[in-house]
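Note sheet for the following structure.
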Amino acid sequence: MLEKNSNVDQLIEQFKTLPGGLLPLLHAVKHAVGYVPDSAVEPISKALNLSRAEVHGVISFYHDFNTHPVGRHTVQICRAEACQSMGSRDLEAHAKQCLGIDYGETTPDGLVTLEPVYCLGNCACSPSIRVNDDIHARVDSSRFDELIAEFTLPSAEVSGVSS
Amino acid sequence: MSIQVFIPQDTTALALGAEKVASSLLQGAQTLGLDVEITRNGSRGMFWLEPLMEVETESGRIGFGPVKLSDVESILSMLNSGSVGTASIKHPLYLGEVSEIEYLAKQQRLTFKRSGVADPTCIESYQRLDGFSGLAKALSMSGQDVVDELKNSGLRGRGGAAFPAGIKWQTVLDTPGEQKYIVCNADEGDSGTFADRLLMESDPYQLIEGMTIAGLAVGANQGYIYLRSEYPVAHKLLNLTIERATKAGFLGANVCNSGKDFFLEVRLGAGAYICGEETSLLESLEGKRGMVRAKPPLPAIEGLFGKPTVVNNVLTLGAVASILEQGSDTYKNFGMGRSRGTLAVQLAGNVKRGGLIELAFGVTLREVVDDFGNGTFSGRPIRAIQMGGPLGAFLPESQWDTPLDYEAFAAIKAMIGHGGIVVFDDTVDMAAQARFAMEFCVIESCGKCTPCRIGSTRGVEVIDRIVANEDRDNNLILLHDLCDTMELGSLCAMGGMTPFPVRSALTYFEEDFGISSRRDH
Ligand SMILES: Cc1cc2nc3c(=O)[nH]c(=O)nc-3n(C[C@H](O)[C@H](O)[C@H](O)COP(=O)(O)O)c2cc1C
Ligand code: SF4
Ligand code: FES
């Protein structure tokens with residue numbers, strides 16, 4: 001926790017003078033810590049000369065800024081129309097059942113957090129899901145199971161494009 | 001000489017396994033001692049063929065697709081046979097010369113002419129394919145001349161509202177101010193759309209060029225691309241190409257030795273659909289909650305940080321580069337009525353051949369869906385088409401002969417919007433779709449207006465009661481009342497147009513609500 005806070009302090013220093021820097025800062029905090037901890041609100045509000053309520057209001061407005069820890073992998077299922085037309089409602093039900101969790105929850109072993117997403121720009125090859133920073137196309141139930149099974153392989157690592 | 005192979009690096013190709021195909025091909029070639037050079041190009045937008053591999057031969061670029069990992073071996077043995085051109089024809093995935101594939105050959109590609117041709121991050125390739133020549137022309141013109149050129153082209157904003165781009169630029173040019181901004185709306189939140197993404201991933205320099213031209217024309221030295229966080233691949237490619245363009249002198253201080261500056265930065269959104277609305281986007285760029293602002297003041301006069309600001313969609317700014325390069329008359333000659341130029345149609349959902357289709361305005365919806373889509377993916381009949389994103393109406397077959405033209409669509413209470421077409425087969429439950437339209441509004445409303453914030457929650461409940469046959473007649477009246485209130489009492493199109501998909505579902509597919517007895521759910 002101590003380490004996380006010094007991390008956050010560094011990021012605040014880095015972003016505090018950037019015009020409109022609050023969103024980039026929150027993204028950076030999320031990237032470094034995995035979520036936006038409550039303990040970050042006070043130092044951020046001080047450094048950016050905002051009230052705590054304002055900072056809190058921004059955090060809660062955006063779907064991306066979760067305020068609690070997430071699992072090692074984040075799986076987002078596209079709920080938007082093009083994916084619906086290709087059976088994403090069934091995929092959602094399957095995913096929830098197979099992981100035993102609902103949207104916004106993490107599996108008890110801390111491996112997977114499930115989230116909804118509204119379009120990944122892959123609508124010509126739906127249904128789409130995003131696993132960390134990788135998007136997958138034409139995901140049916142069995143493809144979903146394959147992708148989840150990869151997490152428990154010994155070589156599994158958090159994949160992704162760093163930003 | 002090495003064999004030149006192209007494997008795309010856009011999101012959809014990657015989502016279908018392009019990375020593994022590329023690495024396995026490279027590895028296999030090394031094992032065989034075969035000299036293969038793989039270029040990671042952008043996508044042509046023929047997504048049903050992805051991963052689409054192309055091989056340079058004497059008779060042009062030959063395509064193979066969709067390539068699965070299990071196809072790599074047979075492709076390698078074909079490449080190894082010495083004369084690729086002859087051997088390729090026998091390969092089961094052979095598609096012939098890519099530029100002659102009907103899906104592509106039938107299009108009028110202006111904005112997307114370079115998409116998929118080369119490595120999108122390579123500046124030299126971009127310049128070889130006429131890139132930055134629009135900027136060169138703009139540099140030799142006055143700001144007013146550039147704006148006049150844009151006005152003459154007839155280009156209207158491609159983000160959805162179809163406002164004439166030249167008039168918006170004129171306002172910013174005419175508004176005095178030391179500091180002005182160019183903001184690119186890359187929030188692309190509509191389901192069924194991916195054209196912005198494709199342009200940013202397959203031809204990012206074109207967007208950079210268009211924004212630089214805008215900056216020079218109206219006197220803005222700072223640009224921002226507001227990119228949705230759902231696009232990690234575009235994010236990476238934009239950051240890389242901005243860095244390269246800056247190093248090469250096309251961005252930053254003293255653009256092309258013109259004495260003028262234009263700095264460009266990407267800012268990530270954070271998963272809020274409403275931030276695609278331009279004033280909400282500006283609030284978000286300022287680091288605030290994405291609450292929609294009342295207009296006036298127009299962003300062109302008081303925009304980002306209160307300064308005069310051009311806010312344009314990715315495709316609008318992309319088109320600017322090609323209009324400057326090829327001349328506004330060329331652009332204007334495409335299209336119908338007041339819809340000039342080309343529309344980047346995005347064919348999505350339950351179709352066999354989904355992808356990007358750039359066409360002059362004027363073809364009918366049916367022509368696009370039939371000629372390009374080739375039926376549904378499921379093989380079942382098409383029942384409904386939603387055009388223009390989550391706020392667009394559901395269209396029954398009787399409306400599919402409407403030409404793609406902003407005014408023709410408005411006349412049937414529908415919209416072209418950003419050009420996304422989502423096809424549904426006959427298993428669709430239109431009551432569930434209407435319910436989702438309301439639910440989406442609940443999730444994404446910025447919360448400023450009561451009809452949008454509360455009305456959408458009530459809408460979900462009322463639809464549930466109608467479907468459950470609880471006091472159906474009265475609840476139907478209530479739903480129409482609610483839709484009226486949302487249409488009339490909302491500040492922006494989120495609340496104001498959510499009733500469009502709801503009402504069209506009710507009007508044209510009433511049996512799904514249990515109103516007549518064609519279906520029994
Ligand atoms: C709810 C809502 C969402 C919108 N989403 C987008 C979007 O994702 N991308 C976009 O370019 N325009 C979007 N718009 C339209 C913008 O408000 C604005 O008209 C556009 O950015 C102007 O650029 P253009 O003239 O080049 O189209 C949206 C509008 C509304 C009301
Ligand atoms: S209509 Fe909805 S999204 Fe638009 S300003 Fe009002 S509350 Fe916000
Ligand atoms: S609707 Fe699911 S990717 Fe676009």
Side-chain angles (χ1 to χ4, degrees), chain A residues 15 18-28 30-31 48 50 54-66 76 78-87 89 115-126 128-139 159-163, chain B residues 11-12 14-16 47-48 50 188-194 196-197 228-236 239 267-273 284-291 304-305 346-351 354-356 377-378 386 390 420 422-425 428 432-433 436 440 443-444 446:
Chain A
F15 286 96
L18 189 71
L22 183 52
L23 258 69
L25 172 58
L26 292 172
H27 271 299
K30 181 183 161 166
H31 194 78
L48 272 67
L50 298 166
E54 280 170 308
V55 175
H56 183 75
V58 171
I59 294 170
S60 61
F61 184 87
Y62 296 98
H63 301 303
D64 279 4
F65 301 134
N66 48 304
Q76 294 182 317
C78 177
R79 290 195 70 213
E81 290 88 344
C83 287
Q84 291 167 3
S85 78
M86 288 293 288
R89 285 192 180 89
E115 289 176 354
V117 70
Y118 298 90
C119 194
L120 293 163
N122 183 51
C123 333
C125 300
S126 297
S128 315
I129 73 169
R130 177 171 174 178
V131 177
N132 305 318
D133 267 350
D134 293 330
I135 290 158
H136 299 271
R138 298 223 189 279
V139 180
S159 58
V161 191
S162 57
S163 41
Chain B
T11 294
T12 293
L14 293 174
L16 289 162
F47 290 132
W48 91 97
E50 294 292 359
E188 197 163 58
D190 291 358
S191 168
T193 66
F194 41 73
D196 295 349
R197 176 185 68 66
R228 65 200 302 257
S229 62
E230 290 85 348
Y231 285 179
V233 177
H235 189 211
K236 191 181 70 167
N239 278 333
R267 288 288 175 92
L268 275 191
Y273 175 78
S284 184
L285 264 181
E286 292 181 9
K288 302 175 190 154
R289 298 190 296 156
M291 298 294 275
L304 186 62
F305 302 114
Q346 297 131 84
L347 189 52
N350 200 329
V351 278
L356 183 113
F377 189 83
S378 61
Q386 188 176 30
V422 177
V423 175
F424 292 83
D425 74 7
V428 65
Q433 295 307 133
F436 178 78
F440 188 67
I443 299 165
E444 301 297 344
C446 85

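So that the names make sense, note that chain A is the first sequence line, chain B the second, and so on, each numbered from 1. Everything numeric in this text was worked out from a predicted model, so none of it was measured.
Contact tally against chain A (heavy-atom pairs below 4.5 Å) for B:Gln433, B:Arg289, B:Glu286: the top residue is B:Arg289. Top candidate by heavy-atom pairs under 4.5 Å with chain A, chosen from B:Glu50, B:Glu188, B:Gln346, B:Arg228, is B:Arg228. Chain A forms the most heavy-atom pairs under 4.5 Å with one residue out of B:Ser284, B:Gly189, B:Ala234, B:Gly420, and that residue is B:Ser284.
With a threshold of 4.5 angstrom between heavy atoms, B:Asp190 approaches chain A through N, CA, C or O but not through any side-chain atom. Contacts between B:Leu356 and chain A at a heavy-atom distance below 4.5 Å are absent for every atom of the residue. In this structure, the portions of B:Ala432 lying under 4.5 Å from any heavy atom of chain A include both its backbone and its side chain. Both the backbone and the side chain of B:Ser229 come within contact range of chain A, with heavy atoms under 4.5 Å apart. With a 4.5 angstrom heavy-atom cutoff, B:Tyr273 does not touch chain A via any of its atoms. Heavy atoms of A:Val117 lying under 4.5 Å from chain B belong exclusively to its side chain. In this structure, chain A has heavy atoms under 4.5 Å from both the backbone and the side chain of B:Phe47.
Under the rule for a salt bridge (Lys or Arg N to Asp or Glu O under 4.0 Å), the partners of B:Arg267 that lie at least two apart in sequence or sit in another chain are B:Glu265.
Side-chain contact between B:Gln386 and A:Ser85 is absent, with no heavy-atom pair separated by less than 4.5 Å.
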